[in-house]
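Contents: one structure, followed by commentary.
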Amino acid sequence: LYGGALQVHYLLRGLADREGVESVLVCPSGSAIAEAARENVKTLHAVPMRGDLDLLFIHRLLDIIRKETPDIIHLHSRRGADILGGIAARLSGTPCILTRRVDNPESRMWAGMKYRLYHHVVTISDGIREVLLSEGVQHHKITCVHSAVDTQRYATPCDKAWFNREFGLEEGSLTCGTLAQFIERKGHRYLFEAIPEIVNMIPKARFILFGKGPLEGSLRSYCKSLGIEDKVLFAGFREDLDRIMGCLDLVIHPALMEGLGVSLLQAASAGVPIVGTRIGGIPEIVRDGENGYVIPPGEVSPLVDVTTRILMDRDLARQLGEGGRKIAIEHFPIESMVEGNLGVYQGLLGNPR
C-alpha cells in the first residue's frame with residue numbers, strides 16, 4: 001500500500017469522518033487498498049481491472065454506477081481506470097473527476113480528447129498542473145491538491161542498533177536511502193555513478209535501495225561493473241518504513257521524471273534531509289537549503305557535491321531535517337488533502353456545504 005493507493009486510503013479515511021459523505025470504492029480484485037479501505041467505505045466492489053485494453057471494465061463499472069447512483073465519480077488509477085472509467089462516467093451522465101499523479105508528457109491532440117472525459121482534473125503537484133496547462137487543458141478545469149503524509153507515523157524515533165542489525169551495517173555507517181521503483185525514470189544509474197566518488201571521500205557511506213521493478217537485474221549488474229556491490233543493498237519492499245525512515249542519514253531521489261514523490265514526504269516528515277532533482281513536483285517538497293537540495297536531473301557531479309556536504313556536516317544535516325519536519329506538518333497534512341478534494345466535489349456539485 002504505497003503511492004496513489006495510499007493516498008486514496010488517506011482520502012477515504014478522512015471522508016469517512018465527514019457528515020453526509022459516503023464513499024463507494026471500486027478497486028482491483030486482491031489489491032492492498034481493498035483490505036485497507038474496507039472499514040471506511042459504505043460499499044466495496046473488488047473487480048477485475050486488466051488495463052487499458054480491458055473494454056469490459058466499462059460494462060462492469062457501468063453496472064456498479066447504476067446500482068450505487070453516485071453523485072460524483074473520482075478516478076485515481078492509470079491502470080485502465082482513467083480512460084475506461086471516464087468513458088463509463090460519461091455514458092452514465094455522472095460528474096467525473098480525475099486525479100493525475102504523474103507528469104508524463106502527452107500530445108496536445110491526445111490531451112484534448114482525453115481530458116474532455118472529465119469535468120475536473122486534480123493534480124498532486126503544481127508541476128503536473130503546469131504540464132497539463134502546456135498541453136492545452138483549460139486552467140479553470142484543474143485544481144492542485146498536494147498528496148499528504150501521516151506526519152505522526154513517520155516521527156518514530158530511530159532504534160539504531162536494530163537498524164544496523166537488520167541491514168547488516170557496521171556501527172558508524174552513514175546510510176543513504178532511495179525509495180523508488182526500479183524503472184528508468186527514477187534515475188538509479190546516476191546515483192550508482194556517483195557512489196564511487198562519494199565512498200572515496202566518505203568510506204563509511206552505504207546506500208540502501210527500497211523497491212522493486214523490471215530493472216532490478218540490470219541495476220545489480222551495473223553495481224558489480226562499477227565495483228560498488230558491497231556498498232549498495234537492495235532491500236525490496238518494506239512494510240515498516242516508518243521504523244526505518246528516521247534511521248537514514250539522507251534520502252536521495254535522482255529521478256528524471258516525478259509527479260511529486262510520496263517517499264520524499266515521508267522522509268521530510270521523519271526529519272531526514274533530502275537530495276532531489278529539479279523536475280516535476282520535487283521542488284515543492286525539497287526546498288533548496290531548507291530541508292535539502294535540488295540538483296539538475298541526470299548530472300553526477302552535483303549529486304556527489306551535495307551528498308558529501310550533508311554527510312560530512314552533521315549540524316547541517318540536523319538543520320535540514322528539522323526544516324523538513326516543519327514543511328511536512330505545515331504544507332502536507334492529511335487533513336489538507338482531504339479538504340482540498342472535498343472542496344473540488346462541492347464546487348462541481350454547486351454545493352457550498
Side-chain angles (χ1 to χ4, degrees), residues 1-102 110-111 113-124 137 141-143 145 147-148 334 337-351 353:
L1 190 65
Y2 68 101
L6 182 61
Q7 295 300 309
V8 173
H9 172 53
Y10 289 158
L11 176 58
L12 292 171
R13 191 175 69 187
L15 292 175
D17 293 333
R18 301 304 194 275
E19 184 178 354
V21 180
E22 291 182 333
S23 299
V24 174
L25 176 64
V26 182
C27 62
S29 304
S31 60
I33 183 66
E35 187 60 34
R38 193 176 301 276
E39 64 183 29
N40 294 316
V41 297
K42 183 187 78 167
T43 314
L44 186 145
H45 296 270
V47 301
M49 298 173 70
R50 303 186 181 96
D52 293 331
L53 299 180
D54 183 14
L55 298 181
L56 288 177
F57 176 68
I58 299 173
H59 175 71
R60 290 191 289 272
L61 186 54
L62 272 172
D63 282 347
I64 294 170
I65 293 170
R66 290 171 183 138
K67 178 181 178 181
E68 300 289 351
T69 62
D71 296 295
I72 285 178
I73 294 170
H74 190 169
L75 305 172
H76 294 268
S77 172
R78 292 182 63 246
R79 193 167 51 181
D82 51 354
I83 302 296
L84 302 181
I87 293 171
R90 279 291 178 177
L91 290 174
S92 71
T94 309
C96 179
I97 297 168
L98 171 73
T99 287
R100 183 164 170 82
R101 303 184 185 280
V102 293
W110 173 245
M113 294 186 295
K114 175 181 177 180
Y115 292 101
R116 277 199 205 104
L117 291 171
Y118 319 114
H119 292 75
H120 207 82
V121 182
V122 172
T123 64
I124 64 167
V137 182
K141 197 173 181 176
I142 310 171
T143 300
V145 178
S147 292
I334 293 174
M337 184 269 287
V338 174
E339 286 298 322
N341 280 285
L342 190 57
V344 174
Y345 301 164
Q346 292 167 333
L348 193 58
L349 295 175
N351 180 5
R353 295 183 61 186

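Since the structure is predicted, the reported quantities are computational estimates derived from the model, not experimental observations. Numbering starts at 1 and runs along the sequence shown.
Contact of the Arg101 side chain with the Ser147 side chain is registered, since non-hydrogen atoms from C-beta on lie closer than 4.5 Å. When side chains are defined from C-beta on, Asp54 counts as touching Arg60, because their heavy atoms get closer than 4.5 Å. The shortest side-chain heavy-atom distance between Pro70 and Ile65 falls under the 4.5 Å cut-off.
Separating the NZ atom in Lys141 from the CZ atom in Arg116 is a distance of 8.5 Å, to the nearest 0.5 Å. Between Leu348 atom CG and Ile97 atom CD1 the span is 5.0 Å, to the nearest 0.5 Å. With rounding to the nearest 0.5 angstrom, the OG atom of Ser23 is 4.5 Å from the CG atom of Leu15. With rounding to the nearest 0.5 angstrom, the CG atom of Leu12 is 11.5 Å from the CG atom of Asp17.
Between Val145 and Met337, the closest heavy-atom pair is CG1-O, 3.6 Å. For Arg90 against Leu117, the heavy-atom pair with the smallest separation is NE-O, 3.1 Å. Heavy-atom minimum distance, Ile87 versus Ile58: CG2-CD1, 3.9 Å. Closest approach of Leu61 and Ala88 over heavy atoms only: CD2-CB, 3.8 Å. The shortest heavy-atom contact between His120 and Ile142 is NE2-C, 3.7 Å.
No more than 12 heavy atoms of other residues, nucleotides or ligands sit less than 6.0 Å from atom NZ of Lys67. By the neighbour-count criterion of 12 heavy atoms within 6.0 Å, atom CD of Glu22 is sparsely surrounded, having that number or fewer from other residues, nucleotides or ligands.
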What pairs of donor and acceptor atoms, side-chain ones from residues 25-50 against any protein atom, are under 3.5 angstrom apart with sequence neighbours left out?
{"unit_1": "Ser29", "atom_1": "OG", "unit_2": "Val47", "atom_2": "O", "d": "3.3"}
{"unit_1": "Ser31", "atom_1": "OG", "unit_2": "Pro28", "atom_2": "O", "d": "2.8"}
{"unit_1": "His45", "atom_1": "NE2", "unit_2": "Glu68", "atom_2": "OE2", "d": "2.8"}

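For the pair Arg100 and Asp82, the salt-bridge criterion is not met [side-chain N within less than 4.0 Å of a carboxylate O].
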### Message
Before you tell me yes or no, could you show the steps for Tyr345 and Asp71 under side chain to side chain contact (heavy atoms under 4.5 Å, CB included), namely the whole-Å CA-CA distance, both residues' side-chain angles and the distance that decides it to 0.1 Å?
### Response
CA-CA 9 Å; Tyr345 301 164; Asp71 296 295; over 6 Å; no
#### Entry: Chi angles and distances behind the side chain to side chain contact (heavy atoms under 4.5 Å, CB included) call for Leu75, Tyr118
CA-CA 9 Å; Leu75 305 172; Tyr118 319 114; 3.8 Å; yes
### Step-by-step side chain to side chain contact (heavy atoms under 4.5 Å, CB included) determination, Ile124 to Gln7
CA-CA 10 Å; Ile124 64 167; Gln7 295 300 309; over 6 Å; no
### Task
Show your working on side chain to side chain contact (heavy atoms under 4.5 Å, CB included) between Asp52 and Leu84 and close with a plain yes or no.
CA-CA 7 Å; Asp52 293 331; Leu84 302 181; 5.6 Å; no
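The backbone N or O of Arg66 sits nowhere less than 3.5 Å from a side-chain atom of Thr69 that would complete a donor-acceptor pair. In this structure, the side chain of His119 engages the main chain of Cys96 through a donor-acceptor pair within 3.5 Å.
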